[in-house]
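Read through the structure below, which is laid out as structure tokens, and then see the notes.
Keep in mind it's a predicted model, so treat the numbers as computed, not measured.
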Amino acid sequence: MSIWNYVVTAHKPTNVTHSCVGNFTSPQDLNLIIAKCTRIEIHLLTPQGLQPMLDVPIYGRIATLELFRSHGEAQDFLFIATERYKFCVLQWDSETSELVTRAMGDVSDRIGRATDNGQIGIIDPDCRLIGLHLYDGLFKVIPFDNRGQLKEAFNIRLEELQVLDIKFLYGCSKPTIVVLYQDNKDARHAKTYEVSLKDKDFVEGPWSQNNLDNGADLLIPVPPPLCGVLIIGEETIVYCSANAFKAIPIRPSITKAYGRVDPDGSRYLLGDHTGLLSLLVITHEKEKVTGLKIEPLGETSIASTISYLDNAFVYIGSSYGDSQLIKLNQQPDAKGSYVEVLERNVNLGPIVDFCVVDLERQGQGQVVTCSGAYKDGSLRVVRNGIGINEQASVELQGIKGMWSLRSSTDDLFDTFLVVSFISETRILAMNLEDELEETEIEGFCSQVQSLFCHDAVHNQLVQVTSSSVRLVSSTTRELRNEWHAPSGYSINVATANATQVWSLFSCKIM
């Protein structure tokens with residue numbers, strides 16, 4: 001018995017942990033970048049939907065994924081940090097259509113206790129520094145120089161040990177963070193600090209807020225002109241800034257993800273632990289916040305990340321169920337939901353249990369998994385083979401054969417779909433709206449069953465029936481020539497290529 005094992009990845013990661021939207025591949029392109037455990041996917045938003053551009057493996061589990069734009073640059077850079085304290089800054093090279101590593105490094109420390117709530121990676125809105133919370137009681141700073149290059153990192157001592165979330169504030173003359181933390185009496189507070197790059201230390205910030213919701217665990221920084229921060233709790237949502245404090249009660253829930261809708265930060269999408277998607281609106285008069293409103297929109301997969309794309313299209317990334325591309329409609333449907341699911345991306349994780357079975361008793365094992373969690377839990381069957389994604393379907397009974405044909409030899413795609421029945425032949429074609437509709441090819445015999453159809457040279461089509469072989473023009477659709485089977489014989493089987501036809505005859509018994 002061999003002591004060596006061969007280990008290989010049979011299926012790429014499917015659970016989505018992070019996503020972000022920006023101009024990464026060019027100043028004019030709007031890109032959706034998705035992190036799936038150890039891989040990143042880059043998509044391009046087009047009028048036809050999301051177009052995949054690149055799928056890249058990363059050596060490590062992704063802990064942070066952020067887009068940023070340095071001073072003087074026309075497009076965004078991508079910052080990635082892994083759970084093993086490695087980081088890199090990636091740039092898209094438009095000439096070679098490849099990713100280029102602009103910077104990389106190791107941010108681990110020889111001493112320190114890893115945070116219980118996971119790593120936090122944030123980037124100053126004015127691109128003055130990158131902040132990382134990796135160890136309890138320490139905040140690591142990676143400064144930018146005037147050319148947008150990263151300088152040597154250093155640590156700043158952080159008094160708060162049980163940190164729940166950290167974010168950079170907008171509209172501050174100096175880099176300023178807000179820290180959401182829990183004290184030793186389980187009370188939760190928010191405190192701000194200015195980061196002094198010269199002294200490599202914290203300076204007391206412009207404001208603080210004590211005794212927040214006991215379930216508060218998420219900070220949402222608000223961009224100019226409003227600035228400030230939203231603190232999301234289990235029963236309340238609070239807006240805080242140096243000049244304002246607004247709070248509203250909400251239905252008890254645990255908010256898992258958020259996505260900003262407007263550039264001015266007046267609307268946000270919130271996804272909770274039950275899969276409910278809500279819209280949070282900050283009402284304001286010019287730069288003064290007057291209140292908060294929240295409205296439920298509908299149900300999605302349990303979101304781990306939310307990215308608003310454009311024109312009411314939203315990407316819902318999930319670690320517990322299938323990720324979705326949805327559209328937010330202006331009017332609710334019959335169930336009162338504003339959410340319309342356009343696409344689903346299958347997610348097998350998290351796999352709680354699985355077994356290998358031979359369901360069809362053909363000697364090929366299939367994996368049955370207990371996938372997902374909570375309301376998105378399901379049984380999935382994974383087999384080795386070619387996957388098929390259904391694009392459209394038509395209900396037709398008694399089909400005996402199907403062939404796809406082109407209207408011209410030089411066409412890149414097929415135009416006609418010939419469907420053969422026991423006593424007739426029907427022809428379907430794609431119209432200008434990319435829909436299948438029934439049409440006619442005058443040179444084809446539609447009152448009998450077709451045995452075989454094929455494209456021929458010089459813009460011609462071949463139809464083989466039990467009594468004849470017909471050659472038809474694909475441009476005019478008229479009959480050009482016809483060969484009949486000898487008297488007393490019928491064609492049983494036929495095949496063809498672009499220049500030849502082979503037939504198998506049988507004698508008719510009277």
By ring-ring contact (aromatic ring centres under 6.0 Å, His included) - contacts of His189 (at least two apart): Tyr181
Aromatic ring pairing Phe68/Phe77, orientation class (parallel under 30°, perpendicular over 60°, tilted between): perpendicular
Asp93, CG: over 12 other non-hydrogen atoms inside 6.0 angstrom: yes
Pairs flagged by ring-ring contact (aromatic ring centres under 6.0 Å, His included) wherever residues 295-345 is involved - sequence neighbours left out: Tyr320-Tyr374
Side-chain ion pair, Arg61 and Glu83, N-O less than 4.0 Å: yes
Pairs meeting criterion ring-ring contact (aromatic ring centres under 6.0 Å, His included) with involvement of residues 34-65, two or more places apart: none
Salt-bridge criterion met for Asp55 and Arg39 (N-O under 4.0 Å): yes
Residues that Phe139 engages under ring-ring contact (aromatic ring centres under 6.0 Å, His included), provided they are two or more places apart: Phe202
Partners meeting salt bridge (charged side-chain N to carboxylate O under 4.0 Å, His left out) with Asp217 (sequence neighbours left out): none
Lys200 to Phe154, cation-pi by 6.0 Å centre distance and 45° axis angle: yes
Carboxylate-amine/guanidinium contact Arg260 Asp262, below 4.0 Å: no
Residues forming a ring-ring contact (aromatic ring centres under 6.0 Å, His included) with Tyr85, sequence neighbours excluded: Tyr135
Residues forming a side-chain contact (heavy atoms from CB on, under 4.5 Å) with Ser208, sequence neighbours excluded: Lys191
Partner set under side chain to side chain donor-acceptor pair (under 3.5 Å) for Asp264, not counting sequence neighbours: Ser266
Test salt bridge (charged side-chain N to carboxylate O under 4.0 Å, His left out) applied to Lys174 - qualifying residues, sequence neighbours left out: none
Counterpart residues, side chain to side chain donor-acceptor pair (under 3.5 Å), relative to Thr300 (two or more places apart): none
Electrostatic pair Lys335:Asp333 at N-O distance under 4.0 angstrom: no
Residues Ser371, Ser378; criterion side chain to side chain donor-acceptor pair (under 3.5 Å); working and verdict: CA-CA 5 Å; Ser371 297; Ser378 62; 5.3 Å; no
With Asp376 via salt bridge (charged side-chain N to carboxylate O under 4.0 Å, His left out) - residues at least two apart: none
Pairing residues for Asp213 by the salt bridge (charged side-chain N to carboxylate O under 4.0 Å, His left out) criterion, not counting sequence neighbours: none
